[in-house]
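The chain is numbered in sequence order, starting from 1. In listed order, ligands and their atoms are each counted from 1.
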Amino acid sequence: MSYEQFFLELERESLKVVAALNKAETIRFISHLDADGLCSAAILAKLLLKYNRAFHLSIVKQLDSATIEALKKENYNTYLFTDIGSGQLSAIESLLEKGNVIVIDHHPPDKEVEHPNLVHINPHKYNIDGGSEISASTLSYFLTKLFGLPNSEHLAVIGTIGDTQEEEGQLAGINGIILKEKSANVEVRKGLRAFGRASKPIHKTLAYSTEHHIPGVSGDESSAIQFLSEIGLEIKNGDKFRSINDLSEEEEKKLITGIIMRRIDSTDNPEKIVGDSYIIKNQDGTLSDAHEFATLLNSCGRQATQSIGLMLCLGDKNAVKASNELIASYRRKITKALRWFDSKKDDPSVIVQTERAVYIKGKKEIDDTMIGTICSIKASSDDFKKDVIIGFADSDNGVKVSGRVASDFDFNMGEAIKLVSGRFNGEGGGHEKAAGGKIPFGSEDLFIAEFEKQLKI
Ligand SMILES: [Mn+2]
């Protein structure tokens, strides 16, 4: 379906959303625990606040049958889900007897449900790929725009980036349309893709980059300083450390060339380190850079401080200080997890390597909220030249599974995890390139054996 037709469909669906919301007293609002979930929640919350509608918002890690059962016992007749719900329609169906359910999501639906009480807005229904063309935040943006809600473009961009929907370093599909909006409060700048470019000293940004591995620089601040002096870049301006955003265009080109030279043996496309940055207007530091903002939100989500993340999205200045401490502790957690990984790299009982895959058995040693991040980092590094990375970590009620496709390998991770975890009565699903699930304790090896069969098809 063309995007034009999709927007017409969205307009039609929006009328159903209004009809359902108008019948509600207090809206029970549930969103997903990550940057895209927080941004879509904030966009919809702005709409509800604008129209003075009462709502009760919860941010959830996943929507399993237990969560739905708990929601069902609450005393509400209208449920609103953002960035979650499409993959759990079979479970959500039971809520329909209580009243209206609105699902605004971009994950692949687990089944088709037609019900007068259900408003299900999802790009997959119109053959638009929710994994690359539109995030839940972008979807929420275009939906609320129909009601005249301004000033949310940055949230759509941040949510999209948080869901790693950039294609070759750019926003594509419907996500890209946001940047052309007349009202857009986001500016595009081409340059080195690196977390910290707006707020951190250059050497720290390079040493702790989770986006790209730079041989001889990654993980080591003093080597990073050495590298910068070799390529002739001043790291300080007076006694203040410079950030990448402080570099002139000429200097940034020098830096990019230097990094490409260091990565000459990498199988990655050298261009991968360059991409679009998004500068959010009228903001400073971390909050002025969409990539940094997205990382900050992902760290808020994962550290059970979602309310800070939500407040940041809603523009609450008081949340900024609290969030700085959060991001520092998030970085410490990542560093600790990566150190653990390095110490186990050669232990085949922990890191299992097969022809196409690497499996990381984190057990209790790696936080279940960190395993997905570690898989993403390893998928973009050169440590293993494999097609897929799978991580396991113990959580409260089973083993959390995270999977990433790390190459051009044509493989649907969401389908594979759903299928394989289903064999152990587990739950799972997600996007083509990134997905997750849950399996019973101790079933990692069985999962690996079954997953290997999927890789051979
Ligand atoms: Mn999402």
message = Just verifying a value: how many Å separate Met413 CE and His431 NE2, rounded to the nearest 0.5 Å?
response = 13.0 Å

ask   = Under 4.0 Å between a Lys/Arg side-chain N and an Asp/Glu carboxylate O for Lys125 and Glu9?
value = no

inquiry  = I'd like to know if Glu365 and Arg339 make a salt bridge, using a cut-off of under 4.0 Å between side-chain N and carboxylate O.
reply    = no

inquiry  = Checking side-chain polar atoms at under 3.5 Å, does Ser86 have a donor or acceptor matched by the opposite partner on His120?
reply    = yes

ask   = Where does the angle between the aromatic ring planes of Tyr79 and Tyr76 fall among parallel (under 30°), tilted (30 to 60°) and perpendicular (over 60°)?
value = perpendicular

query = Is there a side-chain contact between Leu57 and Ile59 (heavy atoms, below 4.5 Å)?
reply = yes

request  = Have a look around the Mn ion (ligand 1) and list protein N/O/S atoms under 2.8 Å, or say none.
outcome  = Asp36 OD2, Asp83 OD1, His106 NE2, Asp163 OD2

